[in-house]
Amino acid sequence: MLELHVWGPAFGLPSLDAHCLAAIAYLQQAVPRGKWQLIASSDPGLSPTNELPALRNAEIWIGGFRNIFHYIAQLSAGEWVLDAGLPEQEGADCIAFSSFVESHGQPLLDLSLYVSSQNYSAVTRPLFNTIQSFPLPYLTPPALRAAAKARTEHLRLAGLDIDVEDGQQLSQELSFIPDSLRRPKNTVSSLLAASPEANARIRLDALATDFLEPLQRLRGRKQFFVSDAQFSSLDCLALGYLCLILIPDLPQPWLAKTMKAKFPALCEWTEGMRDTVFSKNVSLNDAFLTKLGDSELDVRLRRLRGRGHLPWRAPENRGAAAVGSAFVARMADSIPVVGQLRRNTRMRQHGGKTPGEGTQDSRWGYLYAIGGLIAGLGVVGGYLFQQGLISFPVGDEEKRGLEDFGEAGRALSFLADQMDGQVQRERMREGNYSHGAPIAEVDIEVEKDGVVAVETVS
Amino acid sequence: MPPKETPSKEDEDQSSFSRQTRKVRDLFSIPPPVKKLFDRVPIVVYAPNQLPQRAPKPARIPSLYVFSTSHDAAAGKPSFNPSCLKWQTFLNIASVNHRLISSNNHASPTGSLPFLLPAVQSNSPQDALLPVTSNKFVKYASNHGGWVDESPSMRYEAYQSLLDHRIRNAWLYTLYLEPLNFSSVAYPLYVSSTSSNPLVRASIAYQLRLAAETELLKHTSIIDTDDLYSEADKAFEALSSLLGEDSWFFGNDKPALFDASVFAYTQLLLDDSLGWKEKKLCRALRTRDNLVRHRERLLVRYYGG
């Protein structure tokens with residue numbers, strides 16, 4: 001029995017990750033029912049490549065959707081392959097457009113689901129609370145977001161990330177004109193800048209069009225992307241990306257809007273394929289097989305009606321220890337030196353894991369876990385200090401001064417500081433003199449018959 | 001007289017306020033003697049300094065800055081860096097006359113090579129002398145009488161992404177992260193040429209490898225060697241069937257930018273003089289006869305064999 005481990009369901013789709021959706025679609029189409037199971041485990045640590053989807057066949061783990069396709073083809077001796085028998089030109093298109101979908105689609109999803117602060121904080125981050133167990137949602141979404149930001153850096157659209165923009169606004173407010181006296185200027189750009197998404201709208205639209213237009217033209221009037229009769233691996237991949245572009249209901253819906261406005265044919269295809277390949281509206285209850293007070297009969301009826309026809313199996317309850325170790329491992333990845341070491345050991349040279357390597361890995365994992373735990377505690381402690389949740393008792397009273405009088409107080413305190421500075425400088429100068437030689441005061445008295453100097457030494 | 005009292009008080013307030021502000025202003029104002037002194041000093045704008053002796057002399061033909069050795073650059077031989085080679089070949093194809101200058105990333109205004117320094121003409125305005133970065137080469141070529149032909153094809157972007165991602169990733173891995181190739185190919189080209197100090201060399205070598213690794217890790221969580229090579233192999237397969245029996249890609253009767261992009265990798269992978277040690281990627285390419293012949297055609301046509 002093959003087990004496909006994926007990120008959990010979201011937006012009514014069986015997974016929130018495009019590659020997982022592609023792998024689900026591939027297995028759904030290629031592997032006969034009853035030979036595989038779908039598990040929403042949402043833990044990339046399970047996979048040897050540290051990414052989901054991952055396929056498990058008894059003791060063998062395969063990570064990454066392309067490796068999964070290859071492995072399934074090998075396992076079935078070339079029977080469970082979707083791309084078999086494509087003519088040469090179509091095969092080449094399938095390879096080229098797979099690369100295209102991946103390289104041009106990923107930045108769009110990154111921008112829409114992770115980089116855009118509004119979408120991220122309102123929709124994407126809360127999603128992880130539903131699919132992962134307690135401490136993990138604190139680490140996973142920020143890590144994914146950081147990766148998404150790194151991938152989209154070259155597009156120079158960091159403006160979508162309001163967290164960054166806040167810092168810039170602060171520096172603008174240092175202008176000496178108080179807020180209340182500034183006249184709001186309604187320029188075209190400020191109207192456009194009502195939200196960062198609106199500001200970047202033109203660039204975003206162009207990006208989305210660059211991605212969707214070649215796809216629409218490739219499909220033309222065919223039933224699938226490369227062939228009229230055969231569901232290929234490109235269709236799986238494109239379905240994964242297009243579903244996540246079209247279906248999520250986001251506060252900043254620029255991506256779905258562009259697709260609906262300009263590419264209705266693709267929308268129709270995506271909706272149609274989604275209903276046939278995945279099921280109509282996948283919910284968390286489908287994935288975790290929770291019973292909503294339904295009797296056995298209801299469940300069976302629902303199966304018969306075709307709902308929930310993906311072969312879900314509930315993820316094993318892995319217990320607090322396993323979740324804790326996953327937490328620590330994730331934490332260790334984000335610590336500078338330790339994370340780098342872990343990544344280096346993860347560079348895979350050849351093929352899958354051999355059993356010997358596996359045991360060594362687990363020993364290393366144990367060491368890392370202990371190291372990570374210590375470092376993690378240190379980080380938490382440091383964080384608490386930094387945020388001021390714990391603090392040494394320090395008298396705050398002295399700090400208060402003219403600052404309490406608002407704007408004017410701040411201006412005055414500036415002057416006062418300056419004067420203080422001057423006084424201090426003077427004192428320093430005096431100090432310098434008095435340190436060395438004794439001060440000689442010279443009194444000069446001018447009289448009629450010449451100059452008489454009266455010298456006193458203090 | 002109560003009604004008159006209020007305005008007078010207000011006046012008083014205002015005058016005291018203005019007195020105060022004047023006091024504050026006085027603190028910051030320039031003392032009159034100093035001001036007088038400065039008024040007497042005229043503002044003089046000096047002529048710009050001369051460029052240092054070793055600064056490049058203005059040339060009559062545009063100069064293309066690429067990764068190369070000074071010897072190879074003078075002979076107009078192909079650069080050993082794929083993106084430099086791509087644009088070098090493109091300028092040759094578009095028949096834009098240029099000279100090559102061996103350089104490195106620190107010389108470039110964008111931080112990466114190649115870039116082009118336009119020719120100096122006596123009547124050219126100031127911004128015609130600014131360096132041209134590689135993303136503006138096509139426009140530059142068409143403005144300067146070059147021959148540019150872009151065939152709009154829906155497949156163009158898709159096959160370009162094969163080169164920019166699949167083949168580039170495998171290239172980065174095979175050149176920088178295969179230890180054998182790094183010491184025999186990349187080290188002499190990128191590291192030894194920059195400095196003779198072993199500490200500087202070690203640090204540059206480390207930086208190069210780290211940069212390649214971070215680039216690869218942006219898209220996957222680990223570097224999966226088998227996947228990189230098998231994807232590159234499939235990419236060559238797809239390019240080979242796209243070319244088919246034609247001379248140039250997309251059925252053109254003359255080479256164009258896409259041919260230059262393919263040539264940038266095929267030339268370097270098939271060039272035995274670079275001394276590849278781990279030849280997995282080279283072997284994958286060698287099995288595609290039409291790509292090998294495509295490279296030879298371009299080499300003969302634009303680099304004289």
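In what follows, every chain begins at residue 1, and chains take the letters A, B, ... in the order their sequences are listed.
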Rounded to the nearest 0.5 Å, how far apart are [atom1] of [X] and [atom2] of [Y]?
X: B/Asp164; Y: A/Phe100; atom1: CG; atom2: CZ; result: 11.5 Å
X: B/Phe236; Y: A/Ile95; atom1: CZ; atom2: CD1; result: 12.5 Å
X: A/Asp93; Y: B/Leu242; atom1: CG; atom2: CG; result: 8.0 Å
X: B/Met154; Y: A/Arg219; atom1: CE; atom2: CZ; result: 12.5 Å

Short question: side chain of B/Ser241, backbone of A/Ala92 - any donor-acceptor pair under 3.5 Å?
no

Which heavy-atom pair separates B/Ile222 from A/Pro48 by the least distance, and what is that distance?
CD1-O, 4.1 Å

Just checking [X]: does its [atom1] atom have more than 12 heavy atoms from other residues, nucleotides or ligands closer to it than 6.0 angstrom?
X: B/Lys136; atom1: NZ; value: no
X: A/Lys222; atom1: NZ; value: yes
X: A/His154; atom1: NE2; value: yes

Side chains of [X] and [Y] in contact at under 4.5 Å (non-hydrogen atoms):
X: A/Gln89; Y: B/Arg155; value: yes
X: A/Phe97; Y: B/Leu162; value: no
X: B/His219; Y: A/Arg151; value: yes
X: B/Asp224; Y: A/Asn67; value: yes
X: A/Glu102; Y: B/Arg166; value: yes

Which atoms of B/Glu231 approach chain A - backbone, side chain, both or neither, heavy atom under 4.5 Å:
side chain

Is chain A contacted by the side chain of B/Ser230, its backbone, both, or neither, given a heavy-atom distance below 4.5 Å?
side chain

Against chain B, label A/Asp210 side chain, backbone, both or neither, depending on which of its atoms sit under 4.5 Å from a heavy atom there.
neither

Answer with side chain, backbone, both or neither: which region of A/Arg66 has an atom nearer than 4.5 Å to a non-hydrogen atom of chain B?
side chain

Could you check which of A/Ser99, A/Gly91, A/Pro44 has the highest count of heavy-atom pairs closer than 4.5 Å to chain B?
A/Ser99

